[in-house]
There are 2 protein chains.
Amino acid sequence: MPYRRTAAVQERLDATRTAIVEAAHTLVAERGYAGCSVALVAAAAGVATGTVYRHFPDKGALFAEVFRAATQREVDAVAAAAAGPGTVAERVEACVTTFARRAFRAPRLAWALIAEPVDPQVEAERLAYRAAYRDIFARLVADAVAAGELPPQDPQVSAAGVVGAMAEALVVPLHVGDDMGRAPVGTVPALSAFVVRSLGAR
Amino acid sequence: MPYRRTAAVQERLDATRTAIVEAAHTLVAERGYAGCSVALVAAAAGVATGTVYRHFPDKGALFAEVFRAATQREVDAVAAAAAGPGTVAERVEACVTTFARRAFRAPRLAWALIAEPVDPQVEAERLAYRAAYRDIFARLVADAVAAGELPPQDPQVSAAGVVGAMAEALVVPLHVGDDMGRAPVGTVPALSAFVVRSLGAR
DNA sequence: CGAACAAGTGAACTGCGGTTCAGTGCTTCG
DNA sequence: CGAAGCACTGAACCGCAGTTCACTTGTTCG
């Protein structure tokens with residue numbers, strides 16, 4: 001039994017894998033998906049190109065994981081806002097504000113997650129991402145309708161509408177020009193008012 | 001002066017160009033942008049690959065034109081609905097219904113126009129497309145707010161929200177599965193109600 | 001007709017980035 | 001130690017679709 005994967009080795013392995021994922025995440029946040037070649041990711045992680053393929057079967061799998069992780073953070077933040085205290089209107093507003101503030105804080109990442117052209121494999125993650133948002137709002141709406149806090153409506157359609165509205169309203173300022181990050185201050189309250197109104201709150 | 005481009009020749013030239021554009025349009029409507037190689041378009045148009053490059057500088061320019069034309073038809077249809085008679089709510093509803101019905105009638109084309117990953121050059125056309133829709137709704141909203149038919153709101157944000165909501169609500173059924181074309185009957189009225197409510201109509 | 005040139009052809013080229021793999025050096029454990 | 005086997009390396013490979021271009025075919029007009 002001349003070789004066994006020791007704990008220390010496994011740890012280094014995991015560290016390398018993590019370094020690759022984090023390098024990829026950083027690069028996506030800086031330059032978008034289009035600016036991320038495997039060679040570049042490897043260099044940023046301090047490993048050789050081939051090493052990436054010891055941890056991931058192909059590029060798509062790597063970035064699917066990157067997107068999944070990045071996405072989960074965003075969804076969790078919004079879910080937390082949805083679970084907060086207050087009326088439906090207040091919670092919806094908290095969701096929109098949370099989503100928008102985070103997007104403007106990392107605009108390129110947000111654009112990559114929401115709208116940038118990506119491989120089918122990664123696109124699948126994005127669909128899941130949007131579905132997760134839809135579910136948050138759909139549940140919020142369904143509960144509120146049942147409780148009589150909102151007028152009758154199709155929660156799925158309303159939720160899709162809300163997600164689409166948020167995405168569209170943010171993609172416009174995110175995509176135009178290079179001076180992203182300058183938060184269009186007026187946009188967020190206006191968007192949030194739109195969303196609250198769209199659900200028939202108050 | 002041994003050669004001059006005669007009217008008959010010019011006509012044939014124009015016909016070829018048109019054939020290429022129409023072939024590209026048909027292929028996009030059938031298989032999406034991803035399924036459209038230059039060679040395939042050329043074959044469908046009954047010309048050689050190189051001929052495409054006598055009419056367009058590159059693939060992006062060809063498809064930018066295809067998208068522009070396809071887009072214009074859609075935008076015109078919605079603009080006509082917006083210009084129709086009736087209250088704001090009725091006209092908005094007409095816009096949503098027009099948009100949705102047309103999308104479900106040619107689902108693959110709609111998906112390509114709205115959401116499929118495309119080249120940056122073509123993406124630019126898509127942005128123009130969305131901007132055109134935004135303008136229609138922004139004007140509708142601005143006028144209605146001025147006339148006191150709608151509550152005060154930022155017309156640009158509201159318009160973006162409406163466009164995003166329509167796109168998202170339709171992309172979901174358009175993208176899922178291969179059995180596109182089966183119109184989810186309940187979705188359109190629900191979406192239309194959502195949009196009308198989002199603007200604060202009635 | 002035939003000289004001059006445009007339009008059309010399609011096989012070959014090209015550039016790019018994902019992927020591979022033979023070679024190197026490290027880790028394990030008897 | 002040292003044999004066995006793994007992780008790592010990075011230059012070379014490869015596939016693909018957009019693009020090119022030497023050549024063929026068609027058109028004009030003195």
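Order of the sequence lines fixes the chain letters, A, B, ..., with proteins taken first and strands second; residue numbering starts at 1 for each chain.
The distance between the ring centers of A:Tyr133 and A:Phe137 does not fall below 6.0 angstrom.
Contact annotation: B:His55 does not reach the phosphate of C:dA7 (side-chain N/O to OP1 or OP2, under 4.0 Å).
When side chains are defined from C-beta on, B:Glu168 does not count as touching A:Met166, because their heavy atoms never get closer than 4.5 Å.
For the pair A:Ile20 CD1 and C:dG18 C1', the computed distance is 15 Å after rounding to whole Å. Taking atom CD on B:Gln10 and atom C1' on D:dT27, their separation rounds to 14 Å, with Å as the unit. A:Tyr33 has its OH atom 10 Å from the C1' atom of C:dG18, to the nearest Å. Residue A:Glu11 contributes atom CD, which lies 21 Å from atom P of D:dC6 at whole-angstrom precision. Going from atom CZ of A:Phe56 over to atom C1' of C:dG18 covers 15 Å, rounded to whole Å. D:dA7 atom C1' lies 14 Å from atom CG of A:Asp14, rounded to whole Å. Per the geometry, CZ belonging to A:Arg17 stands 15 Å off C1' belonging to D:dA7, to the nearest Å. Between the CG atom of A:Leu62 and the C1' atom of C:dG17 there is a distance of 14 Å, given to the nearest Å.
Distance check: B:Glu149 CD to B:Leu140 CG gives 9.0 Å after rounding to the nearest 0.5 Å.
Annotation for B:Glu11: atom CD does not count as buried by contact number, only 12 or fewer foreign heavy atoms lying within 6.0 Å.
The closest side-chain donor-acceptor pair between A:Asp119 and A:Tyr33 falls under 3.5 angstrom.
Of the candidates D:dT9, C:dA7, C:dT9, C:dA7 carries the atom nearest the B:Leu13 side chain, counting heavy atoms from C-beta on.
Salt-bridge formation is detected for the pair B:Glu65/B:Arg17: a Lys NZ or Arg NE/NH1/NH2 atom is positioned less than 4.0 Å from an Asp or Glu carboxylate oxygen.
The cationic group of A:Lys59 lies under 6.0 Å from the six-membered ring centre of A:Phe63 and within 45° of the ring axis, placing it in a cation-pi geometry.
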In 5'-to-3' order, the base (B), backbone-only (S) or no-contact (-) status of each nucleotide in nucleotides 17-23 of chain D, using a 4.0 angstrom heavy-atom cut-off, is -SBB---

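Along DNA chain C, the nucleotide nearest to A:Arg12 and the one nearest to B:Val47 differ in position, and the one closer to the 5' end is contacted by B:Val47.
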